[in-house]
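For reference, the structure discussed in these notes is given below.
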Amino acid sequence: MSTIFKQIIDKKIETNLIYEDKLCLAFNDKNPIAPIHILIVPKKEIPTINDLTEEDKNLIGHLIFTAKNIAKEKNIEETGYRLFFNCNEDGGQTIFHIHLHLVGGKKL
Ligand code: AMP
């Protein structure tokens with residue numbers, strides 16, 4: 001059973017894409033915790049951060065680099081923002097397809 005993010009990647013579910021390239025896409029979180037709350041999601045299916053392999057190192061760098069570019073586009077680069085991955089139950093992960101949260105637009 002594919003995750004909701006895989007369905008978004010496969011365009012089976014519509015979402016307002018903020019960014020897309022060969023490796024990842026980005027869209028607004030549907031339950032934002034701040035004025036800006038964007039998810040950067042790799043197209044490769046990786047359930048949790050624990051499942052990363054050596055070959056995913058560049059991909060993770062790409063997600064962070066993409067978040068940095070989006071933060072600039074959204075004019076929060078100077079005011080600041082938070083980037084995080086949740087992992088498993090205690091980390092608060094609810095969707096088991098890794099995703100980088102980009103949160104800003106207010107003092108956290
Ligand atoms: P996490 O708790 O790290 O697994 O984050 C999952 C995030 O995905 C939550 O912040 C949800 O609000 C968000 N989310 C769940 N379904 C969707 C969706 N269809 N479109 C956008 N964001 C979603």
Side-chain angles (χ1 to χ4, degrees):
M1 171 64 185
S2 70
T3 66
I4 191 106
F5 290 171
K6 176 65 176 154
Q7 293 171 53
I8 289 172
I9 290 161
D10 292 341
K11 310 280 195 276
K12 288 182 180 146
I13 293 180
E14 238 185 87
T15 195
N16 283 325
L17 280 190
I18 289 170
Y19 176 81
E20 179 169 17
D21 65 22
K22 218 165 57 194
L23 297 176
C24 71
L25 42 77
F27 48 86
N28 286 317
D29 194 293
K30 76 167 185 192
N31 291 309
I33 59 168
I36 292 175
H37 188 171
I38 292 166
L39 302 174
I40 297 103
V41 182
K43 290 184 175 173
K44 180 176 178 183
E45 283 187 283
I46 303 171
T48 79
I49 288 291
N50 291 334
D51 299 303
L52 290 175
T53 64
E54 285 281 327
E55 71 167 27
D56 299 319
K57 282 176 165 179
N58 284 344
L59 176 61
I60 291 299
H62 181 73
L63 299 182
I64 294 172
F65 197 79
T66 300
K68 178 205 81 139
N69 288 341
I70 295 172
K72 183 176 167 72
E73 222 169 81
K74 297 287 177 187
N75 290 314
I76 56 167
E77 61 173 344
E78 294 305 328
T79 49
Y81 51 89
R82 185 173 294 166
L83 297 178
F84 60 93
F85 291 95
N86 293 327
C87 182
N88 277 339
E89 197 180 340
D90 282 359
Q93 185 174 7
T94 56
I95 298 190
F96 288 82
H97 179 128
I98 62 166
H99 47 282
L100 178 60
H101 293 255
L102 163 60
V103 179
K106 75 169 190 184
K107 192 156 178 65
L108 299 165

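Counting starts at 1 for both ligands and their atoms, following the listed order. The analysis underlying the following values was restricted to heavy atoms, covering all of them including side chains, and did not include hydrogens, waters or symmetry mates.
Looking at Thr66 and Asn69, their side chains never bring a donor and an acceptor atom within 3.5 Å of each other.
Across Lys43, Glu20, Lys44, Glu45, a single residue satisfies side chain to side chain contact (heavy atoms under 4.5 Å, CB included) together with Ile9, and that is Lys43. Each of Val41, Leu100, Asn58 was scored for a side chain to side chain contact (heavy atoms under 4.5 Å, CB included) with Leu63, with one residue passing: Leu100.
Linking Ile, Leu, Val, Met, Phe, Trp and Tyr whenever their side-chain heavy atoms come within less than 4.5 Å puts Ile95 and Leu25 in one cluster.
Side chain of His97 to main chain of Pro42: a donor-acceptor pair is present (N/O by atom type, distance under 3.5 Å, no hydrogens or angles). Formation of a donor-acceptor pair under 3.5 Å by the Asn88 side chain with backbone atoms of Gly91 is not found in this model.
Contacts with ligand 1 closer than 4.0 Å are made by side-chain heavy atoms of Leu39 only, the backbone lying farther away. In Phe96, neither the side chain nor the backbone holds a heavy atom less than 4.0 Å from any atom of ligand 1. With a heavy-atom cut-off of 4.0 Å, Phe85 does not touch ligand 1 at all.
When the options Glu14, His37, Lys30, His97 are ranked by their closest heavy atom to atom 18 (C) of ligand 1, first place goes to Lys30. By heavy-atom distance, the residue among Asn16, Ile95, Asp29 lying nearest atom 9 (C) of ligand 1 is Asp29.
At least one N or O atom of His101, backbone or side chain, sits closer than 3.5 Å to an N or O atom of ligand 1. Here's the thing with Ile4: none of its N/O atoms is less than 3.5 angstrom from an N/O atom of ligand 1. The shortest N or O to N or O distance between Thr15 and ligand 1 is not below 3.5 Å.
Put simply, part of Phe5 is less than 4.0 Å from ligand 1, judged by heavy atoms. Using a 4.0 Å cutoff on heavy atoms, Ile13 does not count as a contact of ligand 1.
Residue Asn86 approaches ligand 1 through these ligand atoms, each under 4.0 Å from one of its heavy atoms: 1 (P), 2 (O), 3 (O). Proximity to Gly92 (heavy-atom distance under 4.0 Å) selects the following atoms of ligand 1: 1 (P), 2 (O). Close contacts between ligand 1 and His99 involve ligand atoms 1 (P), 3 (O), 4 (O), 5 (O), 6 (C) [criterion: under 4.0 Å to a heavy atom]. Against a heavy-atom cut-off of under 4.0 Å, Gln93 is close to the following atoms of ligand 1: 2 (O), 4 (O). Atoms of ligand 1 lying under 4.0 Å from at least one heavy atom of Phe27, given by number and element, are 21 (C).
Between Phe5 and His99, the ring planes lie perpendicular to each other; the angle is over 60°, past the 30° to 60° tilted range.
A pairwise comparison of heavy atoms in Leu102 and Ala71 identifies CD2-N, 4.1 Å as the closest pair.
Thr94 meets the side chain to side chain donor-acceptor pair (under 3.5 Å) test with no other residue; sequence neighbours excluded.
Residue-environment remark: CG (Asp90) stays at or below the threshold of 12 foreign heavy atoms within 6.0 Å.
Atom 4 (O) of ligand 1 has as its closest protein heavy atom Thr94 N, 2.7 Å.
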